[in-house]
Asks: 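I'd like to ask some things about the structure below.
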Amino acid sequence: NAGVTQTPKFRILKIGQSMTLQCTQDMNHNYMYWYRQDPGMGLKLIYYSVGAGITDKGEVPNGYNVSRSTTEDFPLRLELAAPSQTSVYFCASSTGLADPYEQYFGPGTRLTVT
Amino acid sequence: LAKTTQPISMDSYEGQEVNITCSHNNIATNDYITWYQQFPSQGPRFIIQGYKTKVTNEVASLFIPADRKSSTLSLPRVSLSDTAVYYCLVVLNYGGATNKLIFGTGTLLAVQP
């Protein structure tokens, strides 16, 4: 299993541009998540999904959109990029079971908006 | 969800046992205590989870006293490769979509040779 994969690894955007961060998992997990991590900080939840066709907002959803058309894929869309969206973005997936409550994280996408 | 408090950083030497304590005074009856490890430029990785007493796996032990207001992650004989940020989190024990991970700033463990 490849686990959770993310593309691209790095990206530089100009202010106002848009892009989609890709996330794919091959573990047949129903639950998928997008986080952002600013320097020296913990992760903050942007959006999550409990299955294909179902998504919901996390702590910091403004400026982002998601979709979940398949179990495997959970892309994150940035519209009108702003410098405040400069961060490292992590996608994760889980079975949703409580014991253990384990989320599997991808390697991250480092995004810079200038 | 219960708020957790842990030291910002800790230093250790190779071969020592490291204990990282986390405080979670408002933990609810249904909450588990979970620890994640994050290396630089990588996503967090699950280490261990417990509810009470002691849990041990191949990489760590987790000690939880009877009042469950704190917990201690124990890493035996650390090596340089254990240098990472360690996060203590509480999660609800019924799983599902509402069972979100709330990350604080974690504890940066620096292992010296």
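By convention in this document, chain letters (A, B, ...) are assigned in the order of the sequence lines, proteins followed by strands, and residues within each chain are numbered from 1. What's counted below: heavy atoms across the whole structure, side chains too, no hydrogens, waters or symmetry copies. Bear in mind that the values here come from a model prediction, so they are computed numbers and not experimental data.
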Asks: Among pairs that include at least one residue of residues 38-83 of chain B, which meet disulfide bond (SG atoms under 2.5 Å apart), considering only residues two or more places apart or in two chains?
Replies: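 Every candidate disulfide bond (SG atoms under 2.5 Å apart) pair involving residues 38-83 of chain B fails, so no pair, neighbours aside, qualifies.
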Asks: Is it the side chain or the backbone of A:Gln6 that comes within 4.5 Å of chain B heavy atoms, both, or neither?
Replies: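 A:Gln6 has no heavy atom closer than 4.5 Å to chain B.
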Asks: So which part of A:Tyr35 gets closer than 4.5 Å to some heavy atom of chain B, the side chain, the backbone, both or neither?
Replies: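 A:Tyr35 touches chain B through side-chain heavy atoms alone.
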Asks: Same hydrophobic cluster for A:Tyr31 and A:Trp34, using side-chain heavy-atom links shorter than 4.5 Å among ILVMFWY?
Replies: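 The answer is no; the residues belong to distinct hydrophobic clusters.
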Asks: So which heavy atom on B:Val91 is nearest to which on A:Tyr101, and how close?
Replies: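 Looking at all heavy atoms of both residues, the shortest contact is CG1-CD2, 3.7 Å.
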Asks: Please list all pairs passing the ring-ring contact (aromatic ring centres under 6.0 Å, His included) test where one or both residues lie in residues 56-84 of chain B, with sequence neighbours left out.
Replies: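 Residue pairs with at least one partner in residues 56-84 of chain B: there are none.
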Asks: Flag yes if B:Leu89 and B:Leu108 sit in one hydrophobic cluster, no otherwise; membership is Ile, Leu, Val, Met, Phe, Trp, Tyr, and two members link when side-chain heavy atoms are under 4.5 Å apart.
Replies: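 In one cluster with B:Leu89: B:Leu108, yes.
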Asks: What pairs of residues pass the disulfide bond (SG atoms under 2.5 Å apart) test when at least one of them lies in residues 51-88 of chain B, not counting sequence neighbours?
Replies: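 As it turns out, the disulfide bond (SG atoms under 2.5 Å apart) pairs with a partner in residues 51-88 of chain B, which skip direct neighbours, are B:Cys22-B:Cys88.
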Asks: Spell out, yes or no, whether B:Ile33 and B:Leu109 are grouped together once hydrophobic residues are joined by side-chain heavy atoms under 4.5 Å, including indirect joins.
Replies: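 Shared cluster, yes.
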Asks: Spell out the residues in residues 40-50 of chain B that have some non-hydrogen atom less than 4.5 Å away from a non-hydrogen atom of chain A, in order of number; otherwise answer 'none'.
Replies: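 Expected list: B:Ser41, B:Gln42, B:Gly43, B:Pro44, B:Phe46, B:Gln49.
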Asks: At their closest point, which heavy atom of A:Leu43 faces which heavy atom of B:Gln38, and how far apart are they?
Replies: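 Scanning both residues completely, I find the closest heavy atoms to be CD1-OE1, 4.1 Å.
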Asks: Flag yes if more than 12 heavy atoms outside A:Ile12 fall under 6.0 Å of its CD1 atom; otherwise flag no.
Replies: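 12 or below, so no.
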Asks: Would you indicate whether A:Met27, at its atom CE, is surrounded by more than 12 heavy atoms from other residues, nucleotides or ligands within a distance under 6.0 Å?
Replies: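 Counting other residues, nucleotides and ligands, CE of A:Met27 exceeds 12 neighbours.
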Asks: With hydrophobic residues grouped by side-chain heavy-atom distances under 4.5 Å, do A:Ile15 and A:Leu13 end up in a single group?
Replies: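 In one cluster with A:Ile15: A:Leu13, yes.
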Asks: Under 4.5 Å heavy-atom distance to chain B, tell me which part of A:Leu45 shows up: side chain, backbone, both or neither.
Replies: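 Side chain of A:Leu45 only, per the 4.5 Å heavy-atom cut-off to chain B.
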Asks: Please identify, among A:Gly108, A:Gly42, A:Gly106, A:Ser49, the residue contributing the most non-hydrogen atom pairs under 4.5 Å to chain B.
Replies: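 Heavy-atom pair counts peak at A:Gly42.
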Asks: Of the non-hydrogen atoms in A:Gln103 and B:Tyr36, which two are nearest, and what is the gap between them?
Replies: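 Here A:Gln103 and B:Tyr36 meet closest at N-OH, 2.8 Å.
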